[in-house]
Each structure stands twice: as C-alpha cells, then as structure tokens.
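What follows is one structure encoded as structure tokens, with my remarks underneath.
Only heavy atoms go into these numbers, but all of them, side chains included; no hydrogens, no water, no symmetry mates. Here the structure is a predicted model, which means the values were calculated and not measured. Just so it is clear: chains get the letters A, B, ... in the order the sequence lines come, proteins before strands, and each one is counted from 1.
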There are 2 protein chains.
Amino acid sequence: MNRDYTTAIPDAWQNIAQVFTALGDEHRQRILLTFEPGERLNVGQIVEVSTLSRSAVSHHLKILREAGVLDSEKIGKEVYFWLNKKQIRESLVAVMDYLKTQ
Amino acid sequence: MNRDYTTAIPDAWQNIAQVFTALGDEHRQRILLTFEPGERLNVGQIVEVSTLSRSAVSHHLKILREAGVLDSEKIGKEVYFWLNKKQIRESLVAVMDYLKTQ
DNA sequence: TCTATATAACCAAATTTTTCGACATATTGG
DNA sequence: CCAATATGTCGAAAAATTTGGTTATATAGA
C-alpha cells in the first residue's frame, strides 16, 4: 500500500487530471462530439448547436482548452477551436502505461 | 459539424463518461494511486492513509465502483477493493478508437 | 473614426458535489 | 444472544462548479 496519499499525484499526472476532469462533464463531451473529423469550429457555431448560453459554452471551452483537449486560434473576430488529438492521446497513453505496471 | 447535440452521446460512451468523471477528482486519483500492483485494500486501510473522513472515502469508493474503475468483494466484516484494469483499459481504448476516426 | 460583431471576463444566483457526524446494518467472537 | 468492529446510508452544511446576464475588449467594415 502506497501511504504518501498527499503527495501521491506525480507531476506527469497533473495534466492528466485536468484532461479527465474536462472529459468528465456531459456538456463538454457533447461539445467534443460536435466536431467532425478534422473540423474547426468557432464559438458561435458551438453555441448554435448547444442548449446552453454563450457564457456557459465559453466557460466549458475554456476548461477544455486549459486541459489541452482543444486548441484554439483567433482569426479575425472569431476564435476557432479544434481537437488536440495528440494531447488527448498522450493522457490516455500515460494511464495505459500506468496500468501496465499494475 | 454534428448538430444533434442533445443525442450526441452514444450508448457506449455512457460508461466512459462515468469513468472520466471518476478519474477527474483528485481524491479519487489519490485513492487509485494508493494501490500497489495487484493489491487489494479494504476501506479501513484506505481511510487510514487518506485525509478524509470515513464517509467521504466511502462516497468516493462508491463512485469509483459504480464507474467500474474499482471492483469490490466483501470478506467477513471487511470490503476489499481492487483496480478493475480491464474496465479502465476498455474506456481508454474506446476514446483512442474514437480519436482514430477524427 | 464610428458601428456592428465575436468573444472573453466578471459577477451573482442556481445547482451539484463533497464532506462529515450520526445512525443503521452486517458479521464475528465470546 | 450480546458486544465489538467494519462498512454503508442519511441528512444537512460547506464548498465547488455551472449558468446566464452584463460589461469589456478586439476586430472588421463603412
């Protein structure tokens, strides 16, 4: 039994935690599933299909971006978002690797 | 753009959502990291190393068990928990497979 | 420069989650 | 059966998250 509970989360897991938190919300999952392969969507498009207010969508996009699940770029007045597949994959692989040691 | 926001979460994702929610909490991550390879721990042992009350630990264990991240078995007075590696791996693989289509 | 538009930031209310103590249930040993 | 132990459940308080209106900022176009 590993007893150092309060320090048990390795550095490498800090971001993984964020990713899991980001993916653990139903609205955020729905947002991710709105993207078609390779697609980039701006905030207005996501608000359009969602059932939430613009501020709520903005909040969720911020969480997804800060976790690295989405990347974004401002083009003109609009901010476009897209799946950061590499980042998501890396988090999943890190947990897979941990499982292998268990 | 996939527009059916309200129905966008496939059946197969229902459990994945639970898994990510379960792994998205710091205390629950610490609990998982308390297990050494192949180890089974009872509630008392987990309470002992955690900084939470017994009921709070019980609450988190319930969430982890309902998500399938942990399995449990009652032996005498004690309930032993262990990592359900297969379940965790399946959820991760499901998301990996989704990423491949993106 | 002025206006319209897209988005982010802020803030307070609503909702959900977490937390813990008290109580309930189950099991073991005497 | 009774007492002690391990765990689960309930209910209320505390904390955190979510939500949406309002305000601020940036950009494009007239």
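Test L23(A), I63(A), L33(A), L61(A) against R28(A) for side-chain contact (heavy atoms from CB on, under 4.5 Å) and you get one pass: I63(A).
Without hydrogens or angle criteria, T21(B) side chain to A17(B) main chain gives a donor-acceptor distance under 3.5 Å. E90(B) contributes no side-chain N or O that, together with a main-chain N or O of Q87(B), makes up a donor-acceptor pair within less than 3.5 Å. No donor-acceptor pair under 3.5 Å is formed between the side chain of Q102(A) and the backbone N or O of L83(B). In this structure, R65(B) contributes its side chain and L70(B) its backbone to no donor-acceptor pair below 3.5 Å.
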Any N/O pairs under 3.5 Å between the protein and nucleotides 15-19 of chain D? List them or say none.
unit_1: dT18(D); atom_1: OP1; unit_2: R28(A); atom_2: NH1; d: 3.4
unit_1: dT18(D); atom_1: OP1; unit_2: R28(A); atom_2: NH2; d: 3.3
unit_1: dT18(D); atom_1: OP2; unit_2: H59(A); atom_2: NE2; d: 3.2
unit_1: dT19(D); atom_1: OP2; unit_2: H60(A); atom_2: NE2; d: 2.3

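Going from atom CG of L64(B) over to atom C1' of dT7(D) covers 16 Å, rounded to whole Å. With rounding to whole Å, E48(B) atom CD is found 11 Å from dA6(D) atom P. We find that CZ of R54(A) is positioned 11 Å from C1' of dA9(C), with the value rounded to whole Å. Rounded to whole Å, the distance from CD on E26(A) to C1' on dT16(C) is 14 Å. In this structure, Q29(B) places its CD atom 12 Å from P of dT18(C), rounding to the nearest Å.
Within the structure, salt bridge (charged side-chain N to carboxylate O under 4.0 Å, His left out) pairs that include any residue of residues 91-102 of chain A comprise D97(A)-K100(A) (at least two apart or interchain).
When only modelled atom types and interatomic distance are considered, N2(B) and E39(A) share no side-chain donor-acceptor pair under 3.5 Å.
Contacts of residues 66-85 of chain B with DNA chain D (heavy atom under 4.0 Å): K77(B), E78(B), V79(B).
Distances shown here put a side-chain N or O of S58(B) below 4.0 Å from the OP1 or OP2 atom of dG8(D).
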